[in-house]
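Everything quoted here is computed from the prediction, not taken from an experiment. Each ligand, and each atom within it, is numbered from 1 in the order the structure gives.
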Amino acid sequence: MAATEQEVSFDRNELIITKTDLQGKITYANRTFMRVANYVEADLLGRDHNLIRHPSMPRGVFYGLWHALKSGTEFFGFVKNYTSDKNYYWVFANITPDRIGTDVVGFYSVRRVAPKDAVQTIEGIYQKMRELEQATERKQAPEVSWRWLVDLIHQQYHMEYEEYIIDLYQQHRSD
Ligand SMILES: Cc1cc2nc3c(=O)[nH]c(=O)nc-3n(C[C@H](O)[C@H](O)[C@H](O)COP(=O)(O)O)c2cc1C
């Protein structure tokens, strides 16, 4: 990670919203997304959402995300993203299947400011997930680190992942 990366902030009552197709290609982005991530619409539409992936995000988090979406359920998580000029911003994201009737036609994500103390906690956890991923055979690594996270939360907090992560957000939301 370059030492020159700067954190970009946005207001706590703003929402960063994008929609994707079933493959995760961007089909819509709101103005807040474009401002914070520093993109114009033409450079976003049709691009894979991993466009803004920050290299310090563990692969296991995206394993958990896609696993939930493919099972038809929503996902909550803390995500660090790159801006187009290689700065970064942290969000608390809720990603949900986008349905027309009973058919899932894509997904959308609504993101809020991630409270600083929650980010501090999650950064420590993500660091351990990345270490585990580096020590694991490449193909298995995302699933192994995701299972490690779920087990850690079971053992330490006696909670499911979703309950823990929403709790972490809510505890610090008014910091
Ligand atoms: C609606 C939606 C929103 C997403 N938002 C992000 C995001 O903000 N940042 C991100 O890195 N990945 C996001 N993803 C996940 C990406 O599609 C991708 O799985 C992730 O960046 C990892 O990419 P990689 O496996 O190619 O490294 C989103 C996926 C969906 C369906």
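Under the ring-ring contact (aromatic ring centres under 6.0 Å, His included) criterion, Y164 pairs with Y157, sequence neighbours left out. Residues passing the side-chain hydrogen bond (donor to acceptor under 3.5 Å, both in side chains) test with E123: none are found, sequence neighbours excluded.
The closest side-chain donor-acceptor pair between H67 and E143, if any, does not fall under 3.5 angstrom.
Between W66 and F107, the distance from one ring center to the other falls under 6.0 angstrom. In summary, the aromatic rings of F75 and F62 are positioned with their centroids too far apart to meet the 6.0 Å limit.
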Please tabulate, for the side chains in residues 43-51, all donor-acceptor contacts under 3.5 angstrom to protein atoms that are two or more places apart in sequence or on a different chain.
from, atom 1, to, atom 2, distance (Å)
D48, OD1, N50, N, 2.9
H49, NE2, T18, OG1, 2.8
H49, NE2, R111, NH2, 3.1

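Sorted by chain and number, the heavy-atom contacts of ligand 1 below 4.0 Å come from T20, H49, N50, I52, R53, F62, L65, W66, L69, V79, N81, I95, F107, Y108, S109, R111.
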